[in-house]
Structures are given as structure tokens and as C-alpha cells.
Amino acid sequence: MPQFLNSRENAVTEAIDGALIASAGALSRLDGYPHIRVVVRSDWDKSKVAIVSGGGSGHEPAHAGFVGRGMLTAAVCGDVFASPSVDAILAAILAVTGPLGCLLIVKNYTGDRLNFGLAAERARAFGLNVGMVIVDDDIALPDLPQSRGVAGTLFVHKIAGAMAENGASLDAVTDTARRVIANIRSIGISLDTCTVPGSPKESRIPEGRAELGLGIHGEAGVEQIEYDGVCGAVAAMVERLGAGMEAKPHVVLINNLGGTSVLEMAVVVNELVQSAIGSRISHIVGPAPLMTSLDMQGFSISVMPAEKADLDLLAKPVDLAAWPGVRVVRPVNVIALPDGLTPIAPLASQHVPTRQFLTECCKLLIEAEKDLNALDAKSGDGDTGSTLASAARALMEALDRLPLADHTQLLRAMGQELSQTMGGSSGVLLAIFFAAAGDGASSGLGMRDALKAGLTRMQEIGGAELGDRTMIDALSPALDAYDKGFAAAASAARAGANLTATYVKARAGRAAYINAQQLEGHIDPGAEAVARLFEFLARRHGGSQGKATE
């Protein structure tokens with residue numbers, strides 16, 4: 001199976017034991033593997049109301065990750081996406097319930113309701129005081145009589161757990177849990193389905209679509225919508241969430257469904273705060289993986305009114321790595337750049353031919369973005385095209401403030417602009433190249449020699465030489481042939497770029513970490529970009545063999 005598991009059958013028990021080992025003794029489990037899988041607090045003395053939850057595995061860190069002082073007393077773990085057995089739930093209740101009783105927090109799925117409900121009845125037959133609340137926070141299917149319980153369940157775990165830790169009675173904890181449940185609204189979205197251990201992956205979401213309102217067990221969402229960026233995805237979710245939100249402060253829980261990167265989740269936060277309900281969000285929990293769906297590439301948003309009593313309970317500290325805490329939402333704080341860092345802007349000047357030339361070069365790089373990314377994916381991280389295209393767009397936006405009529409100052413200004421707008425090592429190297437070329441031109445060197453001075457400085461600092469499989473393999477021969485005309489320079493650049501496809505060992509850049517089989521037959525993307533630029537110059541001048549003067 002394409003997962004770091006030994007087998008579907010042993011995945012849950014092995015995962016539980018791994019979590020216990022990493023807990024430094026804070027967690028224990030009941031004997032009874034493989035059918036009874038119950039994680040409990042090691043320090044539990046039955047002196048307070050016990051809080052028990054659980055359900056199918058595959059939602060980690062829920063539920064065992066929230067067992068600890070101030071949250072759950074015990075978690076009952078079923079198979080992946082399957083309710084635990086009645087005996088397992090009963091074992092948990094009997095193990096942790098003392099004189100003050102026990103509250104079961106159950107997500108609204110038929111198997112969970114039935115199994116937890118029957119276990120509660122059997123526990124009561126033993127004389128134990130057991131209450132049960134059902135979480136039904138999912139708003140994806142508004143016409144469904146019994147909505148599903150999803151990530152909003154974590155609000156209930158935390159608030160009920162904090163109350164129990166404070167010594168509240170079972171009735172008080174139960175009443176508060178029911179009130180909180182009635183006010184939680186959640187909805188999820190995903191770009192892909194999850195991979196269930198031992199089962200083939202279902203590919204029901206086509207490219208360019210997102211599934212809105214899906215559950216946490218891989219079940220289909222309420223609809224598939226067009227996906228053209230996180231802004232539209234968040235807007236679709238907010239439209240449904242906002243319909244039932246009062247005009248008052250709310251706390252939001254942003255849940256990673258398992259396969260969404262940290263970078264993406266931070267973008268989601270930014271979009272949500274700027275959305276139609278952003279002004280009503282005063283506090284935030286996450287973004288974090290809280291109630292996941294294995295490796296699903298999606299996220300969910302849960303909201304509830306930010307009542308002071310509930311916020312105090314949400315903010316009560318717990319020694320649990322999985323709980324990210326609740327924080328106040330504040331505007332972005334911007335601090336001015338320190339003195340000396342902001343560069344002195346050159347005096348802008350206009351020159352129509354230079355402006356047209358730079359614009360055409362930038363458009364060429366923008367059009368080549370996908371091709372260069374594809375090449376870079378063979379030998380790097382697949383972003384050379386995007387890096388160069390972003391720099392080209394930034395340079396086009398800066399044309400009005402550049403000294404276009406003074407090519408010496410223009411070279412320096414381009415170096416300065418690239419150092420500010422172009423990411424990665426390539427941005428720094430090209431900034432060095434243009435800055436040094438500008439210095440050479442200002443000292444009286446002709447354009448060819450000025451550019452070669454820039455190349456020399458770039459090599460000195462970057463450390464790359466001919467044959468190292470970098471842009472230098474195309475740039476250096478092109479500059480050597482520069483005085484023979486653009487056609488000769490373009491031919492030399494193309495020959496140098498093509499030669500990089502025969503190099504099976506790179507000695508600079510990320511390609512240095514790639515094996516020979518992956519490099520062979522693929523042109524270095526930086527060299528390809530240089531070759532295309534010189535080929536454009538040759539076409540622009542009709543293949544002129546005359547002296548290159550630009």
C-alpha cells in the first residue's frame with residue numbers, strides 16, 4: 001500500500017501504541033487488544049466528571065490526541081472510519097466513571113449513536129450516572145433531519161473537559177455541552193479524496209473542481225463546485241456559514257483535513273478574515289489538523305458565538321500538543337524597514353525602444369513559465385519558470401520608475417529590482433549580474449564587456465562554472481559570440497543549453513542532489529531560459545549577423 005503502514009489490520013493498534021510511547025507516560029490503554037482499544041489518562045482518579053468520546057480511527061489527532069487534563073478522560077478507537085464496539089465503549093465507561101458520573105460526546109453517525117447509546121444503557125444498569133450528547137454541527141446538508149458531527153466536536157471536547165476539570169457537576173457539563181452544540185456550524189471542502197488503508201483510492205473529484213460539504217469518512221460532498229483558487233472556495237463556504245451566524249463576535253476553528261500544507265492553511269486564514277464574515281470573527285483556533293480524514297487535501301471551518309464563559313473555557317491551558325489553543329484575531333502589524341535598507345530609487349526616464357524591448361523579453365519569460373517549470377521538475381523543485389515569470393511581471397510593473405534612457409543606470413536599477421522581487425538563489429545571482437554589469441558600463445566598458453563583467457562577478461559569488469549544468473552554460477558562450485551578432489549569440493546559447501541535457505552530474509544548484517538517471521536528457525531550465533531570450537533577440541533583428549549593440 002502507498003502508505004507508511006504495515007497492514008490495515010494492525011494500523012490502529014500500532015498507531016495507538018506509538019502515541020502512548022510518545023506521551024511520556026501521560027497516557028495509558030486498557031488491556032483488550034485488538035478488539036478493545038481505549039486510551040485513558042494515566043493520572044485519572046475518578047474524582048471528577050469523566051469525559052469520554054471516540055469513534056472511527058483515521059481522524060487523528062482526534063480522538064486519542066485530546067485525552068488529557070482539561071479535555072477528554074478517555075477515547076475509544078474503532079477501526080478506520082468505523083464505530084468502536086459496544087464492549088469497547090462500555091470498558092471505557094467502567095474504567096473512568098466515578099461518583100460524579102460520565103459524559104459521552106458522540107458525533108452524529110448511526111453506528112456511533114447506537115453503539116455509544118447501548119453502552120450507556122448497560123453502564124447505567126451497573127448503577128453508573130452516564131449522560132450523552134450528540135454533536136451535529138455539519139451544515140452541508142440543511143434538509144437532513146440529523147446532521148453529521150464533524151470538526152466542531154472539538155469545541156465540545158474542550159469546553160466540557162474544562163468544566164469537568166473545574167469540578168462542575170454532570171448536569172452542568174451536559175447542559176453547557178448541549179447549548180454549545182446548538183450554536184456550532186461547520187462545513188468542509190476538498191480537492192481530492194482520502195486514501196483508506198487497504199482500499200483503492202476513489203478519484204471522483206475531477207481537476208478544476210472542489211467538493212463542498214464532504215464528510216470526514218471519505219463520503220461525497222453535497223456538490224462539486226468550480227475551483228479557481230482559495231478565495232472562491234472560502235467564499236462558497238462562507239456563504240453557507242454566514243446565513244446562520246448572528247451579527248456578533250464568533251470564534252472560528254480552522255481544521256486541516258489531513259493533506260493540506262501549512263502554507264495553504266495560512267492562506268485559508270487570510271482569506272477567511274477578509275471574507276464576508278471576517279468582521280464577525282474575533283477569536284481563532286488553529287489552523288491545525290484536529291479532526292482529519294486521513295490524507296484528504298481539504299479543510300473545514302467551524303464557527304460558534306464567542307461568549308465570554310465559553311472563551312474562558314476554550315482558553316484554559318491544557319498540556320496537549322494537539323490542541324493549538326484559542327487566540328484573539330488581530331490585524332496584521334507592519335513595522336517599517338530599518339534605515340539604510342530601502343534603496344535610493346534612480347531617476348526615472350522614458351525611452352520607447354528600450355521599454356518595448358524589455359516588455360517583449362518579459363512577456364517571453366511569462367509565456368515560457370509552464371515549459372521551464374516542467375524542465376525544472378526533472379532536476380529541481382519545479383519553480384524556475386514561476387520564479388522568472390514573477391520577476392518579469394514585477395519588472396514590467398516597474399517600467400515607469402526605471403531610467404530607461406540611461407542604460408548604465410538601467411542595468412543597476414534592474415539588479416536592484418530583481419533583488420527585491422525575485423526569490424531564490426537565481427534572483428540573487430541575476431541581481432548580482434546586472435549590478436556588476438552596470439558597474440562595468442559606468443566605467444566605460446562596452447555592452448559585451450560589461451555583461452561579461454557581470455557574468456564573472458556572478459560566477460565568483462555563485463561558484464558555478466561552465467559544465468556545472470546551470471544558466472552559465474548558455475550565457476557564457478552567448479556572450480563570447482555576442483560581437484558576431486544576435487544569430488551567432490543565439491546559436492551559441494542554444495548549443496550550450498542543449499549540451500546540459502548530456503550532463504549527468506550537476507555541481508551547482510538543486511540539480512546537484514539529483515541522480516544521473518533523472519538528469520540525463522533534460523535541459524537545465526536556467527540555460528533554456530537564456531537560450532530562448534537570445535533566440536528572441538535573433539528573431540527580433542531578423543537573424544542579423546551585424547554587431548549586437550543592445
Side-chain angles (χ1 to χ4, degrees), residues 9-17 19-20 23 26-60 62-69 71-136 146 149 153 156-157 160-161 163-165 169-171 173-174 177-178 181 217:
E9 293 73 23
N10 298 328
V12 175
T13 55
E14 291 174 356
I16 290 173
D17 283 348
L20 298 183
S23 76
L27 302 178
S28 301
R29 68 171 172 86
L30 300 184
D31 196 4
Y33 272 0
H35 304 296
I36 293 176
R37 294 166 291 202
V38 177
V39 176
V40 299
R41 285 175 53 177
S42 298
D43 64 348
W44 186 244
D45 61 6
K46 298 186 180 182
S47 63
K48 299 174 181 177
V49 171
I51 307 295
V52 177
S53 191
S57 296
H59 306 304
E60 291 72 23
H63 303 81
F66 299 108
V67 174
R69 187 187 303 272
M71 284 194 77
L72 300 181
T73 312
V76 193
C77 307
D79 286 326
V80 173
F81 294 168
S83 176
S85 68
V86 174
D87 282 354
I89 299 166
L90 179 60
I93 297 171
L94 295 176
V96 300
T97 305
L100 294 184
C102 170
L103 176 65
L104 305 180
I105 300 175
V106 183
K107 297 185 298 301
N108 194 22
Y109 295 94
T110 302
D112 287 348
R113 287 189 66 140
L114 293 177
N115 290 5
F116 275 86
L118 180 54
E121 291 300 322
R122 290 176 59 181
R124 294 182 188 116
F126 283 97
L128 299 178
N129 188 11
V130 180
M132 187 168 84
V133 295
I134 308 295
V135 185
D136 56 354
Q146 296 185 358
T153 306
V156 190
H157 287 173
M163 286 189 69
E165 193 65 40
S169 68
L170 177 60
D171 287 344
V173 175
T174 303
R178 286 177 176 151
I181 290 168
H217 301 104

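Numbers here simply count residues along the sequence, with the first being 1. Every heavy atom of this structure was used, including side-chain atoms; hydrogens, water molecules and symmetry mates were not.
Side chain to side chain, H63 and K107 meet the donor-acceptor criterion of an N or O pair below 3.5 Å.
Considering N115, I89, V40, L30 as possible partners of V76, the one that fulfils the side chain to side chain contact (heavy atoms under 4.5 Å, CB included) test is I89. Remark: of the listed residues D112, L114, T110, V106, D112 is the sole one forming a side chain to side chain contact (heavy atoms under 4.5 Å, CB included) with S83.
Of all heavy-atom pairs spanning D136 and N108, the tightest one is CB-ND2, 3.9 Å. Across all non-hydrogen atoms, the minimal contact from A74 to V38 is CB-CG1, 4.4 Å. Nearest approach of A64 to L27, heavy atoms of both residues: O-CD1, 4.2 Å. Across V52 and A92, no two heavy atoms sit closer than the pair CG1-CB, 4.3 Å. Listed here is the closest heavy atom pair of V12 and D79: CG2-CA, 4.3 Å. Summarising the geometry of G56 relative to P84, their closest heavy-atom pair is N-CD, 4.3 Å, with the distance given to 0.1 Å.
Residue pairs that meet the salt bridge (charged side-chain N to carboxylate O under 4.0 Å, His left out) test with at least one member in residues 42-53, sequence neighbours left out, are R41-D43, D43-R69, K48-E165.
In this view, F66 satisfies the ring-ring contact (aromatic ring centres under 6.0 Å, His included) rule with no residue, not counting sequence neighbours. With sequence neighbours excluded, the residues forming a salt bridge (charged side-chain N to carboxylate O under 4.0 Å, His left out) with R122 are D87, listed by chain and number. Not counting sequence neighbours, H157 has no partner by the ring-ring contact (aromatic ring centres under 6.0 Å, His included) test.
To the nearest 0.5 Å, atoms CD1 (I105) and OG1 (T153) are separated by 8.5 Å. For the atom pair CG (D17) and CG (N10), the distance works out to 10.5 Å, reported to the nearest 0.5 Å. To the nearest 0.5 angstrom, S169 atom OG is 7.0 Å from M163 atom CE. Put simply, CG on L103 and CG on D171 are 10.5 Å apart, with the number rounded to the nearest 0.5 Å. To the nearest 0.5 Å, atom CZ of residue R29 and atom CD1 of residue I36 are 11.0 Å apart. A distance of 14.0 Å separates CH2 in W44 from OG in S28, rounded to the nearest 0.5 Å.
Judged by distance alone, the side chain of E121 and the main-chain N or O of A119 form no donor-acceptor pair under 3.5 Å.
Side-chain contact between T13 and R37: present, with at least one pair of heavy atoms (C-beta onward) separated by less than 4.5 Å.
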In residues 125-133, what donor-acceptor pairs under 3.5 Å come from side-chain atoms, sequence neighbours left out?
none

Tabulate below the donor-acceptor pairs under 3.5 Å that side-chain atoms of residues 93-102 make, not counting sequence neighbours, or state none.
from, atom 1, to, atom 2, distance (Å)
T97, OG1, I93, O, 2.6

